[in-house]
Structure formats: structure tokens, C-alpha cells
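Reviewing the structure listed below.
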Amino acid sequence: MAKEEVSEDPAPPVRASTIGAERLAASEARRAEPTAIERLDRYVPAEVEAKWADTWERTRLHETPNELAGRPNYYFLTMFPYPSGDVHVGHWYAYAPPDAAARAMRMQGKNVLFPMGFDAFGINAENAAIDRKIHPAVWTEKNMAHMREQFRMMGAAIDWRREVVTCYPEYYRWNQWMFLRLLEKGLAYRGDAPVNWCPRDETVLANEQVIGGRCERCDTVVVKRQMTQWFYRITAYADELLRYEGLDWPERVRVLQTNWIGRSEGAEMAFPVEGHPGEEIRFFTTRPDTIFGATFMVLAPEHRLVDVVTTPDRKAEVEAHVEKARNAPEIERTAEGAEKTGVFTGGYARNAFTGERIPIWIADYVLVTYGTGAIMAVPAHDERDFAFAKKYGLTIREVISPDGTSHEPLGTAYIGEGVMVSSGAHDGTRSEDGKRAIAEDAKRRGIGGPTVSYRLRDWLISRQRYWGTPIPVVHCAKCGVVPVPYDQLPVVLPRNVEFTGRGGSPLSHVREFVEATCPKCGGAARRDTDTMDTFVDSSWYMYRYLDPKIKSSFMDRDAGRKWLPVHQYTGGVEHAILHLLYMRFMAKALRDLGELWFDEPAIRFRYQGTVVFGGRKMSKSRGNVQTPDAYVKRYGADTLRLFMMFMGPWVDGADWDAAGIDGTWRFLNAVWRLALSRPVAGDADPDLEREIHRTIRKVTDDLMAFHFNTAVAALMKLEHRLSSGSGPTRDEGIRTLLLLLAPLAPFVTEELWARRGGAYSVHQQAWPAYDADLARSEEVTLVVQVDGKVRDRLAVAAGLSNDEAQAAALAAEKVRQAIAGRRVERIVVVPDRLVNIVMAK
RNA sequence: GCCGCCGUAGCCCAAUGGCAUGAGGCGACCGCCUUAAGAGCGGUUCAAGUGAGGGUUCGAGUCCCUCCGGCGGCACCA
């Protein structure tokens, strides 16, 4: 509408000549080396960005005090990076949009803490040491320096005084301190567990080092090995971790965590082993109602009772199978569609409900790590048990019937609900009710009762690796496992270590480290040579940012009272389970140690999607890493930031394609020209005013919702409107545009703000206020439908009552034609939007 | 196999159950500029009817069901 007015007026020739003059200046600038004066008028991102990055540092613009009068604190946390050697566009995608949101929040009057640090321990650094003979500490420092430079280039508004680096003793001593506290509380313990073992590297691998069942480094198939390890008792919090009340977290993340924890209700019961008084096989089942159909039992090959129940005649075969299972790679044992193989032990148990003698088998499909490592097998009502029974000719007895009649012999397992049959006194009971009835029956008989089982296992924190936090215990021949006293922390990771990649933890070869004195008896002792999982480091780093240097505690408690819990957390969805679950666990454990006063570490969480390239994850090994540097050089950081936000919804991620980056580059150039252009004479323009206020509302809402792409689009739209605008409204609009754009493109807006005479810094200005009255249209287009089909569009005053809108619609000529001779049944009015006239059939 | 998410112009994407003469961008095309090309600038004259089918509704891209296609997670969890 505004455009039409302009074209009616004699303005176009004037504008055309202005454009011609700009064009002339621009083409001359291209032809020759620009003079100093001409350069001032061109947008040269490199100059602008270098200048303001320096100025911001000099003026300490990004330092956040713990308190700022009149400004509420807001803790905006983004997952800190692992300082790997390759910085790719995905890093910018993860950090630039949250930086924009945090900046906007500052302009909106909050005292925003936006800290950064490095998750600096980890396997890659150690592998680099092995492969390239660089010490992990050196490699890590080099990478951190590179990444700090990237953040600086990006213009991220980080308070670097608060930087946290997890590989420094000042940090990891608190890992050790927490370990000792958890140990005292019984939340840390030493236990036996099957772990991933790489036979070629002769070392245990972290779960994340096992890719598709193979060792990340040497591609060797990984096997399970039983080892004594340290655990954190996360399962003690399983039920609490399933509660998300008061948390504003995406549904997807909550679902992933819920599935991971895998709560199932059922019963744990035990059947006695025949011929071994006192021995019984405990098992967990979610279907106690099927117990009368339990015609055999299956133990995991690693189960403690295998040796006990096996009869001499079966011993050779059983041992062979156990040995095979033990050495078989996990991927083969659990592969989809794998044949269910097993061996009869020769032993029998007694089904406590039927009184029957039932054979005990061992089979790979029963996992030692879930439940009790043993099952009652009910072939009629479990697909796996059915397949197994078919294969080995075991009894299949129907005990749940969908309709109360018999279907034997069964062609497949029936896993649904139904009526209990062949179940003694329980016959005729609905299976839903039978679950509870049988569990209670078992309780009365003293063989078990209702219970809950979880898929979640305790968190194995031991790693046979060098580049991590040493576990602060010593092993004394006399006193056993002895914790290092608090006053001897930190147990410092020694620097002089040989990296061969062979023969277990490098720490075990460092005599000065291993040889220790027992704190209890004063005798010679061996230090534990395992280090902690790096997820331990990241489970509590958000508390350390408050004061990374404080020596008296892991956290500045006073500052914590002002900032915690974290208001907003962002990061990659790939951490939905591990890191985010560990972080929640650690908050609850520290709470129970009396160290924290809240239940959840972060109230609101939002994730970004993954940036892939050619449909594949970017990684050095694939050789498809897309680095931001070339784009920054050619277009500047602001353009790249903006492009990152504009590619699509942040949660969706993107397939990296720089083809569209010219669009954001042109936009910033257009803003540049607009902001530095001379004012255009004219009157106040209410239509433009309305557009400005609508943009304020749109951009404000979008940034708070992390809808960066539509915020950018709205700013582009406003720029178009302003470029053909005039008068004081145009000036006000340019000012508003710069303020709204400032969080997204911090450098160029700072430059333009300064050039237009604005006070330093644009980032310290108040966010534009949105006036609902000004944003409201005076005139709206009312769509008139007849039976849902658009018949006319009417320009009417805004705020018409339903009766008025209805009258206007019925009066329209096109509508009158459409409804002529027919009866109106009803009329639906959506205020200021449409009228739908429904005709009688 | 189970769970979750997503299918809108050539491409990326927008649209509180209410106008898809689509917000924005890429590309394309037409001008301007240029010896030329590119880049730049101005413009829109380009393009789909929302993966397929059914249902609910006055009205469905949006809600429900089935199917097709893609992505992610879990995967013998008893």
C-alpha cells in the first residue's frame, strides 16, 4: 500500500538520480584503490569487525557483574565445546544464535551471564599424543587458543574472566572432592561390571569410543570384559529423573530420557533349584500373570548359578557355550535376527506356582546386565521364548486366552491381554488383574513380590586412560581401597608420561605417580591409575563459572544464590541422554550432600539441530569438515552469523550449503546504505509506523522462542519498507532496525550506530518498545466466504463487531449473487479476518 | 521391529483450525551499470496448492486414521 502511494508521487525520478549517484561512487570505488574517504562509505566487514572486537575488549563490554542494580539476573548457558582441532560451521551454528538471544535479553534489561569454557579432557587429545607425539596438554592448549579466537571473531558476548577449563587441577580437584563426598554418602562405589574391551589396544573403551561395535581408533571388534570399576549410583535417582515438573524442556528430550531410563513395573520372584537346597533363581518379569505358563528358565551365560546348576554330563557343552559367549563381540550376540542359541544345563528348577519341574537353560538372549540376569520363560506369551522353545522342542502352554477358549497348539506367541487359563485358582481372572494378584500371591508365599526394574544402569565412571581426572584412592595391601584425604587434593595428573597406545593406562607406568603412601597405615600403597569419564567434568561445570578461581569450594555459594539454577540452557540434541542426564543426576546428588538447594540444574532447555554436509555428519576422518574461516574472510562474521540463523529453523539443523549466503550479505549491505543515507523529506507515515511496531513484536517473540530464521526475515522485510519510506518515520525505523538487528549482527550495527551519532554502545541501548495500539491496523481486509469458498474481500475499519461484519458481508454485490435464491443457514465471523456464510443444503 | 520428528514453488523455508493473488532468501528472468564477464544495484513478469487417500469441521498445510517417502533414537530390557 505504501508503495503505491510512492509511485503516484513524482518521487521516482528523484530517487533514480540518487541511486545513480550512489552507483557512480560505488563503481569508481571499485575501479581504483579507494581513497580513505571513499572507504568510509563502503561496508568492509574486516575493518569494522576488527575495530569493534578490540573496542569491546578494551571497554570490557561483556563482563557481567554478579549484581546490577535494577536488572534481574539471567543465567544463559550454552554447552561448552570439546577443544578438538577442527572448528567447523556447526560450531558457529551452535554458538552464534544463542549469543544473539543472550544479547537481546541484555538489551531487554536483564543482567545476563553468558559464560564459556572448554571440556578439555578426553580421548582425542590422547590419541593425538599417540599418533603425532604431541602432549595432550599442548595439543589441548593449542586448540583452545584457536577456539577462543573463533569466539572473538564471531563476536560472542562472553565474559572470559569466568572461563572454565576442565583439564586444569584447579577444576578437576573438585571432581575428586565430589567423588570422595559421594563415596562417603554411598553414591559412589566400586563394583564388578562387563565393560567394552579392545583386544588390540589392550584397553577399556568408553561407550562413545565404540562405534557400531568397533573400536574407534583401530576398527577392532570390541568385546565385553568383566572388570572392577567405579560407579556413580544414578539409579538411586531413577524415579526422580523421570519427573520433569517445573522444567521447560522439549518433549523430544524428555521422551529420550524417559526411554533411556526404561522404567518397567512387574514382579521379582524366585524359583528353587532342584537338588540344591537354599539356592534359588531370582528373576524379574513384567507379566507375572503368565507364571503358570513358565515351562523353563533361562540364565545369562555369565550368571552366577550356571556352575551350580550344571550337571556333570552337560558340563563340557555348557562351558563351551559360556566361553563362546564371553568372547563373542556384543554385536554378534545381540544382532537383529540373530538365532537364539542356548544349551541345557541339566539342572531343574521348580515352578513355585505349578509345582512343575522345569529345565534350566542358558542362552545369549538373556542379558546379565538387565534385571537379575535370569528369566522365567513363558513361550506361549513371549516371542523370544516362543522362538527358543520351538527351536529346542520345549513345552508351550497357553495360560492367557484372548477369549477364554483354547488355541493350542499355538502358531505364534500371544502377547496381548486376555483371560487366565490353566492357572489354578486364578482361572478366569483378567490378565490385567492377574499381574497384581500373582505378585501379591508371591509375596504371601515369601518368594518375591511387586517391584520396578529399570533399563538405566549405574554410571560407570572409570576409564583406563591418561587424559582425565585421576581417581583419588590408593590401594593398600593391608587396608584395601583407601580414599585420599581431602587435604591432599588434588591428585595431580603427572606430565611426564609415555604414550604408546599399548599396554593399558599410561599412568600405570609412571612410578612417581603409582607409588604412594597409605593414608591410613602409612605403608606403601599403589595409587589408582584409572581416570574419570569426562562426562563427570561436564556434569557440574555450570557452577564453576560463577567463580572459576575460588579455592574454598567448587562453587562461590553467594554468587550461586544470585544466579542458580540456570535459566536457559542450549546445546546439541545429541547430548539429550548422556550429558543432560548426568547433569541432572549430579545436581540431585549435590543437593543431597547439602551443597545445592534446588532439584534441577537448568529450568529451560532448547536444542539446535545438527549441521551436516552432503547429508553426512562433519568430521575430520570423513574429510568433509566445512570451516567458517573462508566465509568470515569474504563476507564477515555478521553475514555468517545471520546466514546461520536464516538457513531454517534452528531446531532442525541444516545441510550446509553456502549458496544462499549472498542473500544475507546483500541484506547487510542494504542496511549499511540505508543507515548512512540522507534523510528523505516527508511527513510521518502511519503505515510505516505500524510496520515498525509489528516488526518489533515479531522479532522480540521470535528471538525468545529461538525462531531466528523468521526474525531475520522480518528484519529484511522492514528494510525493504524503509528503503522506500520517507520522513521522520523512516529515521525512527532505521534506528529501530539497527537496535533489533544488533544482537544478530553485532559488529555492523555497532559501526552504523556510531556513525549515526548514537552513544556507545548499541548493545547497551534499551530494546525498542512495542506499542500494541500502533501496531494495530486501522483498516483490515475482511475475507467473505460462501460455504468456505472466497467470494469477496472487503476493506473495512478494524474492530468491527460481528453484526457489523456480517452486515457488510451480506451487502457485498458478489456475495449477494452467490447466495441469491438460497437460504442462509448460519454465519461464522472471525473478527477482523473473515465471514463465512453457510447456506442451507 | 518399537518410539519420535518431518514431507508446502527448481531449492532453503513462512503461515494462533480462518485469504497460501506465500513473509523472507537462493535461483531464474527483465532492466541499469560494465569493452566484456563477474560482482553490484533496481525490479518481478516466474513458479507449488501443501507426499497419497480417507475422516472431523462452516472452514484443514495445521486435528484424527491408513499408506508412501525421508531423518533421528532405541533395539533380544524379560
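Just so it is clear, the model here is predicted, and its values are computed rather than measured. A, B, ... follow the sequence lines: proteins, then strands. Residue 1 opens every chain.
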Worksheet entry | Chi-based syn or anti call at B:A37, which uses purine or pyrimidine torsion atoms and a 90° bound | anti
Worksheet item: Taking syn as any angle within 90 degrees of 0 and anti as the rest, which one fits B:U66?
Response: anti
Practice prompt. Output yes when at least one side-chain N/O atom of A:Thr610 is less than 4.0 Å from OP1 or OP2 of B:G72, else no.
Written response: no
Discussion item. With a 4.0 Å cutoff (strictly under), does any side-chain N or O of A:His720 reach OP1 or OP2 of B:G25?
Written reply: yes
Watson-Crick or G-U counterpart of [N], or none if no pair lies under 3.5 Å:
N	answer
B:U35	none
B:G7	B:C68
B:G59	none
B:C74	B:G1
B:A28	B:U44

Take atom [atom1] of [X] and atom [atom2] of [N], then tell me their distance rounded to the nearest Å.
X	N	atom1	atom2	answer
A:Met645	B:A14	CE	P	16 Å
A:Tyr43	B:A39	OH	C1'	17 Å
A:Met716	B:A14	CE	C1'	13 Å
A:Tyr607	B:C5	OH	C1'	8 Å
A:Asn259	B:C3	CG	C1'	6 Å
A:Leu642	B:C26	CG	P	12 Å
A:His707	B:A14	NE2	P	9 Å
A:Ile415	B:G1	CD1	C1'	11 Å

Between [options], which nucleotide gets closest to the side-chain atoms of [X]?
X	options	result
A:Val828	B:A78, B:C19, B:C58	B:C58
A:Asn836	B:C76, B:C58, B:A78	B:C58
A:Leu367	B:C58, B:A78, B:G25	B:A78
A:Arg666	B:C58, B:G24, B:G40	B:G40
A:Arg673	B:A78, B:G42, B:C74	B:G42
A:Arg833	B:C74, B:C19, B:C41	B:C19
A:Arg455	B:C74, B:C41, B:C76	B:C74
A:Ala713	B:C26, B:A23, B:G18	B:A23
A:Ile375	B:C58, B:A78, B:C19	B:A78

Ring centres of [X] and [Y] under 6.0 Å apart?
X	Y	value
A:Tyr635	A:Trp665	yes
A:Phe667	A:Phe646	no
A:Phe388	A:Tyr365	yes
A:Trp260	A:Tyr454	no

Worksheet entry | A:Leu782 and A:Arg833, any side-chain heavy atoms less than 4.5 Å apart | no
Worksheet item: What nucleic acid atoms does A:Arg263 come within less than 4.0 Å of, heavy atoms only: base, sugar-phosphate, or nothing?
Response: nothing
Worksheet item: Hey, does A:Gln785 reach any base, or is it just sugar-phosphate, or nothing, if we go heavy atoms under 4.0 Å?
Response: base
For [N] and [M], measure between their [atom1] atoms and round to the nearest Å.
N	M	atom1	answer
B:G51	B:C68	C1'	7 Å
B:C30	B:C46	C1'	11 Å
B:U62	B:G1	C1'	30 Å
B:U35	B:A20	C1'	47 Å
B:C6	B:C63	P	8 Å
B:G72	B:G38	P	39 Å
B:G7	B:G49	C1'	15 Å
B:A75	B:A28	C1'	47 Å

Quick one: do [X] and [Y] make a salt bridge, cutoff under 4.0 Å?
X	Y	answer
A:Glu251	A:Arg254	yes
A:Glu719	A:Lys717	no
A:Asp787	A:Lys789	no

Worksheet item: Okay, side chain of A:Thr664, backbone of A:Ile661: is any donor-acceptor separation there less than 3.5 Å?
Response: yes
Worksheet item: Is a side-chain N or O of A:Thr372 found less than 3.5 angstrom from the main chain of A:Arg282, in a donor-acceptor match?
Response: yes
Item to complete: Identify, between A:Gly788 and A:Gly262, the residue whose nearest nucleotide on RNA chain B lies closer to the 5' end.
Response: A:Gly788
Response to the item:
Comparing A:Val712 with A:Thr285, nearest RNA chain B nucleotide closer to 5' gives the residue A:Val712
Nucleotide N/O to protein N/O under 3.5 Å, stretch nucleotides 8-13 of chain B:
residue: B:C12; atom: O2'; partner: A:Met647; partner atom: O; Å: 2.6

Worksheet item: Do we get A:Arg641 above A:Trp92's six-membered ring, with its NZ or CZ under 6.0 Å from the centre and within 45° of the axis?
Response: no
Worksheet item: Quick one: the side chain of A:Arg793 and the base of B:C19, do they pair up donor-acceptor inside 3.5 Å?
Response: yes
